[in-house]
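Notes to accompany the following structure.
Worth saying up front: this structure is predicted, and the values here are computed from it rather than measured.
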Amino acid sequence: MNNYTGPGQYCCLPDLPLGLRPDEASPAWMNKADNAWQLTATTMVGMQSVPGLVILYGSIVKRKWAVNSAFMALYAFAMVLLCWVLWAHHMSFGTKLLPLVGKPGLALSDKFLLRQSKLGRVPMADYVYYEFVFAAITVILLAGSLLGRMNFYAWMLFVPLWLTLSYTVGAFSVWGHGFLDKYIIDYAGGYVIHLSSGVAGFTAAFWVGPRLSHDRQHFPPNNIIHMLGGAGFLWLGWAGFNGGSPFAADLIASLAILNTHICAATSLLVWVSMDMIVYKKSSVIGAVQGMITGLVCITPGAGIVDPWAALLMGVLSGSIPWYTMMVLHKKSAFFQSVDDTLGVFHTHAVAGLLGGLLSGILARSNLLEMMYGSSVSYAVTEGQLGGPLKQLGYQLMGAVFMTAWNAIITTLICLLIGRIVDLRMNEEDLEIGDDAVHGEEVYALWGDGERMPSSHRRWQMTPRIPSICLRHH
């Protein structure tokens with residue numbers, strides 16, 4: 001029985017507790033439990049970026065780049081939010097403009113935000129919020145390839161341009177009723193987020209250029225304990241990442257969360273084991289990399305595969321990206337020529353592609369129906385053998401498109417920005433690091449919290465245009 005009788009008009013159902021009765025603030029179509037979980041899950045994803053990746057980036061890099069690396073993540077989070085509500089949400093999930101992208105538009109009105117979401121029994125505001133944190137973390141993951149040398153002013157331009165021209169196209173094509181929507185299985189972003197960020201980060205790293213030679217050869221973390229703290233935010237936040245995708249506190253959400261942790265733990269242990277077998281030492285950084293590849297790999301299939309499949313995906317995500325990063329990368333002149341600071345290509349592009357292909361093979365038809373409804377039919381549900389093979393072909397097709405689009409658009413964006421400001425800092429600023437870029441340093445190493453003598457304090461210095469803002473010929 002629907003007790004909604006018109007705007008502001010509700011009849012009381014005496015058999016419902018007072019807290020469950022609909023009113024103007026809780027319409028009959030809204031499930032309060034789903035809404036509470038969705039807001040919680042979304043905030044967990046947001047905390048993967050802020051403070052998660054802010055802490056991780058600020059501690060996994062050399063001390064002189066801690067502030068700059070953390071700030072790149074914080075800036076991107078803020079900039080993506082404004083772009084998202086002003087135009088990018090509708091480009092990603094709105095009315096179709098082209099097979100690749102939707103029409104830009106504002107996502108700010110009460111009329112739009114307070115109506116029922118296209119997914120689940122939650123307000124559209126939840127949907128906008130959730131998809132924003134996905135977009136934000138994609139750009140921040142991409143930044144991991146560029147730490148330690150990218151001109152911050154170039155990064156300020158790169159973020160809105162890449163979000164608008166690259167991310168929105170991938171999101172709309174796969175999730176927003178674009179041309180891949182009916183063919184590609186991507187439960188929570190193996191392609192849209194991780195393959196995209198890995199390919200775009202690697203491409204941007206090529207155009208920005210490498211770090212200083214001695215930085216590239218010797219780039220120790222400045223605080224491994226803080227690095228582990230940031231990694232912890234990333235791991236536990238992934239429960240919201242994959243558990244929030246159904247937009248309901250349902251069976252798929254529960255399965256997705258368990259599968260996420262199974263795959264991450266397995267991948268971490270396999271990566272550490274590989275390090276111990278080959279290098280005779282267990283690496284903490286390696287453990288974090290293995291954790292990440294496991295989380296990435298399970299993402300496109302978290303709620304639509306069985307736990308045994310998540311275990312298998314963990315074994316493969318702990319070994320195949322390990323091989324591409326620790327063996328193939330060191331042997332390949334091509335990989336060596338591009339300075340991908342945190343190895344984002346391996347941890348996200350390789351792991352995301354692996355997860356996408358495995359999800360196409362291992363997805364269960366009954367789980368797909370629970371997630372997407374009986375009206376959605378993927379090739380994997382067809383027949384005994386032909387279905388999964390056909391789905392694998394579609395997954396490959398999607399991977400080729402996402403790779404090509406991100407490589408091409410990221411290249412064009414870098415070429416455009418390079419005509420306005422330098423993509424890479426000048427050599428003098430690269431030698432100094434944070435102090436040259438921001439006038440701040442991560443640790444006070446002498447005195448009582450003072451960084452430099454009072455005569456040189458930043459707020460007493462004569463303002464000038466920073467050299468990194470200028471384009472050098």
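- With hydrogens and angles left out, the side-chain atoms of Asn222 and Trp65 include no donor and acceptor closer than 3.5 Å.
- Closest approach of Ala66 and Gly58 over heavy atoms only: CB-O, 3.1 Å.
- Side-chain atoms of Gln391 do not come within 3.5 Å of backbone N or O of Gly360 as any donor-acceptor pair.
- Here the closest heavy-atom approach between residue Met425 and residue Asp429 is recorded as CB-CB, 4.3 Å.
- Between Leu255 and Pro307, the closest side-chain pair of non-hydrogen atoms falls below 4.5 Å.
- The CD atom of Glu431 sits 7.5 Å away from atom CD of Glu427, with the distance rounded to the nearest 0.5 Å.
- Closest non-hydrogen pair, Ala41 versus Gly244, comes out as CB-CA, 3.9 Å.
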Practice item. Might you work through the side-chain contact (heavy atoms from CB on, under 4.5 Å) test for Met313 and Ser359, ending with a clear yes or no? Key: CA-CA 9 Å; Met313 292 170 79; Ser359 297; 3.9 Å; yes

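- Defined by atom type and a distance below 3.5 Å, a donor-acceptor pair is present between the side-chain atoms of Ser213 and Gln217.
- Remark: Thr411 engages Trp207 in a side chain to side chain donor-acceptor pair (under 3.5 Å) (not counting sequence neighbours).
- Not a single side chain to side chain donor-acceptor pair (under 3.5 Å) links Ser254 to another residue, sequence neighbours left out.
- Rounding to the nearest 0.5 Å places OH of Tyr187 at 10.0 Å from CD1 of Ile298.
- Distance alone, capped at 3.5 Å, is enough to place a donor-acceptor pair between the Tyr57 side chain and the Ile140 backbone.
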Check your understanding: Would Met325 and Thr347 count as a side-chain contact (heavy atoms from CB on, under 4.5 Å) if you check the C-alpha gap in whole Å, the side-chain angles of each, and the deciding distance to 0.1 Å?
Key -> CA-CA 8 Å; Met325 176 182 281; Thr347 57; 3.7 Å; yes

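- Among pairs with a residue in residues 225-247, those fulfilling side chain to side chain donor-acceptor pair (under 3.5 Å) read Tyr130-Ser245, Asn223-His226, Trp235-His261, Trp238-Thr299, Asn242-Thr260, at least two apart in sequence or across chains.
- We find the CG-CG distance between Leu342 and Leu141 to be 10.0 Å, quoted to the nearest 0.5 Å.
- When atom types are taken as modelled, the side chain of Ser317 and the backbone of Gly314 share a donor-acceptor pair closer than 3.5 angstrom.
- How far CH2 of Trp175 is from CD1 of Ile184: 12.5 Å, rounded to the nearest 0.5 Å.
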Show which side-chain atoms of residues 89-99 pair as donor or acceptor with protein atoms under 3.5 Å away, not counting sequence neighbours.
unit_1 : atom_1 : unit_2 : atom_2 : d
His89  : ND1    : Trp84  : NE1    : 3.4
His90  : NE2    : Leu106 : O      : 2.9
Ser92  : OG     : Ala88  : O      : 3.0

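- For Ser173, there are no side chain to side chain donor-acceptor pair (under 3.5 Å) partners, not counting sequence neighbours.
- Between Trp322 and His346, the closest side-chain pair of non-hydrogen atoms is not below 4.5 Å.
- Looking only at side-chain heavy atoms (C-beta outward), Thr266 and Ile262 come within less than 4.5 Å of each other.
- Aromatic ring centres of Phe77 and Phe132: separated by under 6.0 Å.
- With rounding to the nearest 0.5 angstrom, the CD1 atom of Ile55 is 13.0 Å from the CD1 atom of Ile225.
- The side-chain heavy atoms of Leu100 and Phe172, taken from C-beta on, include no pair separated by under 4.5 Å.
- Within a 6.0 Å sphere centred on NE2 of His329, heavy atoms belonging to other residues, nucleotides or ligands number more than 12.
- Heavy atoms only, all atoms of each residue included: Ser337 and Phe334 are closest at OG-O, 2.5 Å.
- Applying the side chain to side chain donor-acceptor pair (under 3.5 Å) rule to pairs touching residues 68-77 yields Asn68-His438, sequence neighbours excluded.
- Other residues, nucleotides and ligands place no more than 12 heavy atoms under 6.0 Å from the CE atom of Met276.
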Would you give me the side-chain donor-acceptor pairs under 3.5 Å for residues 157-165, sequence neighbours excluded?
unit_1 : atom_1 : unit_2 : atom_2 : d
Trp162 : NE1    : Ser166 : OG     : 3.4
Trp162 : NE1    : Thr410 : OG1    : 3.1
Thr164 : OG1    : Trp87  : NE1    : 2.9
Thr164 : OG1    : Pro160 : O      : 2.7

Review point. Where do Leu86 and Leu108 land on the side-chain contact (heavy atoms from CB on, under 4.5 Å) test, with the steps shown first?
Key: CA-CA 8 Å; Leu86 292 176; Leu108 292 171; 4.0 Å; yes

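- Formation of a donor-acceptor pair under 3.5 Å by the Asp434 side chain with backbone atoms of Glu440 is not found in this model.
- Taking 4.5 Å as the limit, some side-chain heavy atom of Met402 sits within range of a side-chain heavy atom of Val174.
- Between the side chain of Asn406 and the backbone N or O of Ala200 there is no donor-acceptor pair closer than 3.5 Å.
- A heavy-atom distance below 4.5 Å is found between the side chains of Phe233 and Pro51.
- Under the 3.5 Å distance criterion, the side-chain polar atoms of Arg149 are left unmatched by any main-chain donor or acceptor of Leu212.
- The nearest pair of heavy atoms linking Pro221 to Ile285 is CG-CD1, 3.4 Å.
- The environment of Tyr183 atom OH is sparse: at most 12 non-hydrogen atoms of other residues, nucleotides or ligands sit within 6.0 angstrom.
- Taking the six-membered ring for Trp and thresholds of 30 and 60 degrees, Phe345 and Phe202 have ring planes inclined between 30 and 60 degrees apart.
- The stretch residues 210-236 participates, sequence neighbours left out, in these salt bridge (charged side-chain N to carboxylate O under 4.0 Å, His left out) pairs: Lys62-Asp215, Lys64-Asp215, Arg211-Asp339, Arg216-Asp339.
- Between the OG1 atom in Thr42 and the CG atom in Leu39 there is a gap of 6.5 Å [rounded to 0.5 Å].
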**Study point:** Worked verdict on Leu147 versus Met72 for side-chain contact (heavy atoms from CB on, under 4.5 Å)
**Key:** CA-CA 8 Å; Leu147 302 180; Met72 285 179 70; 4.0 Å; yes

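- With sequence neighbours excluded, no residue forms a salt bridge (charged side-chain N to carboxylate O under 4.0 Å, His left out) with Glu428.
- Evaluation of the side chain to side chain donor-acceptor pair (under 3.5 Å) test over residues 280-295, restricted to residues two or more places apart or in two chains, returns Ser267-Thr293.
- Put simply, the side chain of Gln48 gets close to the backbone of Leu234: a donor and an acceptor are under 3.5 Å apart.
- For the residue pair Tyr153 and Asp422, no side-chain donor N or O sits within less than 3.5 Å of a side-chain acceptor on the partner.
- Closest non-hydrogen pair, Ala154 versus Leu423, comes out as CB-CA, 4.0 Å.
- A donor-acceptor pair under 3.5 Å links the side-chain atoms of Ser332 to the main chain of Phe335, judged by distance alone.
- By the side chain to side chain donor-acceptor pair (under 3.5 Å) test, Thr168 pairs with no residue at all, sequence neighbours left out.
- Using modelled atom types, one side-chain atom of Ser59 and one backbone atom of Met227 make a donor-acceptor pair closer than 3.5 Å.
- Pairs engaging residues 289-316 under the salt bridge (charged side-chain N to carboxylate O under 4.0 Å, His left out) rule: Asp306-Arg364 [sequence neighbours left out].
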